[in-house]
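Numbers here simply count residues along the sequence, with the first being 1. For the numbers below, each heavy atom of this structure counts, side chains included, while hydrogens, waters and symmetry mates do not.
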Amino acid sequence: MIVEIVRFTHPPGTSRADILAGAEATLERWRANSELVRKLYLCSTDQTEGIGIYFWPSVEAARRGHDAAWIAQAEQRSGAPVRIEYHELLMELDNQAGTVTRHPA
């Protein structure tokens, strides 16, 4: 399992309500992506940065989800470069469920 971290800048003065509305506007796009396992929407505490945490079966799937066209529109909208990182998910601890899940390579 691959965890992709996508970081982008919010334009100055963007409110939490605006950020949430923008995130909600993307729900259908991501629900329609059959390769996406899970997505977390985050915002920095000062509301200047948006962070998406995506769980994918592979780096290739992640790159299909965030292709050049997606990156270009995100950079145009934010006025700043998008930063993307890929990480291998080794293990998950879920204290609420009382589970530990180990992910094979």
Side-chain angles (χ1 to χ4, degrees):
M1 180 89 63
I2 296 298
V3 177
E4 178 190 41
I5 302 171
V6 178
R7 296 174 179 272
F8 54 92
T9 303
H10 291 299
T14 305
S15 70
R16 186 181 191 283
D18 291 337
I19 294 166
L20 185 56
E24 288 174 343
T26 71
L27 288 172
E28 288 309 311
R29 168 190 162 73
W30 293 115
R31 281 184 176 141
N33 188 317
S34 62
E35 293 186 290
L36 180 65
V37 176
R38 180 175 297 121
K39 177 179 181 350
L40 304 176
Y41 293 80
L42 290 83
C43 179
S44 61
T45 56
D46 64 2
Q47 299 175 350
T48 61
E49 185 177 42
I51 304 106
I53 309 291
Y54 300 78
F55 294 77
W56 300 97
S58 66
V59 171
E60 294 77 21
R63 288 186 174 142
R64 284 189 292 274
H66 292 108
D67 60 12
W70 183 92
I71 292 169
Q73 66 80 29
E75 289 180 347
Q76 182 180 10
R77 191 177 65 242
S78 69
V82 171
R83 297 166 317 279
I84 299 177
E85 302 172 15
Y86 304 101
H87 304 275
E88 183 179 345
L89 179 58
L90 300 174
M91 185 168 54
E92 294 176 67
L93 167 66
D94 185 331
N95 281 336
Q96 288 184 326
T99 60
V100 172
T101 305
R102 289 165 184 82
H103 294 273

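Screening residues 6-43 for ring pair (Phe, Tyr, Trp, His ring centres under 6.0 Å) gives Phe8-His10, Trp30-Tyr54, Trp30-His66 as the qualifying pairs, with residues at least two apart or on separate chains. Applying the salt bridge (Lys or Arg N to Asp or Glu O under 4.0 Å) rule to pairs touching residues 49-58 yields Arg7-Glu49, Glu49-Arg83, sequence neighbours excluded. Legend: ring pair (Phe, Tyr, Trp, His ring centres under 6.0 Å) pairs involving residues 71-105, not counting sequence neighbours: none detected.
Heavy atoms from other residues, nucleotides or ligands lying under 6.0 Å from CD of Glu85 number more than 12.
Atom CE in Met1 sits 7.0 Å away from atom CZ in Arg38 (nearest 0.5 Å). Here CG of Leu93 is found 9.0 Å from OG1 of Thr101. Values are rounded to the nearest 0.5 Å. Note that the CG atom of Leu89 and the CD1 atom of Ile2 stand 8.5 Å from one another [nearest 0.5 Å].
In this view, Ala74 and Trp70, Arg77, Val82 satisfy the side-chain contact (heavy atoms from CB on, under 4.5 Å) rule, not counting sequence neighbours. Residues passing the salt bridge (Lys or Arg N to Asp or Glu O under 4.0 Å) test with Glu75: none are found, sequence neighbours excluded. Not a single side-chain contact (heavy atoms from CB on, under 4.5 Å) links Ser34 to another residue, sequence neighbours left out. Here Glu88 pairs with Leu90, Ala105 under the side-chain contact (heavy atoms from CB on, under 4.5 Å) rule; sequence neighbours left out. Taking the salt bridge (Lys or Arg N to Asp or Glu O under 4.0 Å) definition, one finds that Arg31 meets it with Glu28, sequence neighbours left out. Not counting sequence neighbours, Arg63 has no partner by the salt bridge (Lys or Arg N to Asp or Glu O under 4.0 Å) test. Legend: residues meeting side chain to side chain donor-acceptor pair (under 3.5 Å) with Gln47, ordered by chain and number and at least two apart, are absent. Residues satisfying the side chain to side chain donor-acceptor pair (under 3.5 Å) criterion with Asn33, sequence neighbours excluded, are absent altogether. Legend: residues meeting side chain to side chain donor-acceptor pair (under 3.5 Å) with Asp94, ordered by chain and number and at least two apart, are absent.
The minimum heavy-atom distance linking Ser44 with Ile51 is given by the pair N-CD1, 4.0 Å. What you find for Cys43 and Ile19 is that their closest heavy atoms are SG-CD1, 3.6 Å.
In the hydrophobic cluster analysis, where Ile, Leu, Val, Met, Phe, Trp and Tyr join through side-chain heavy atoms closer than 4.5 angstrom, Val6 is grouped together with Trp56. Residues Leu42 and Ile5 share a hydrophobic cluster, clusters being chains of Ile/Leu/Val/Met/Phe/Trp/Tyr side chains in contact below 4.5 Å.
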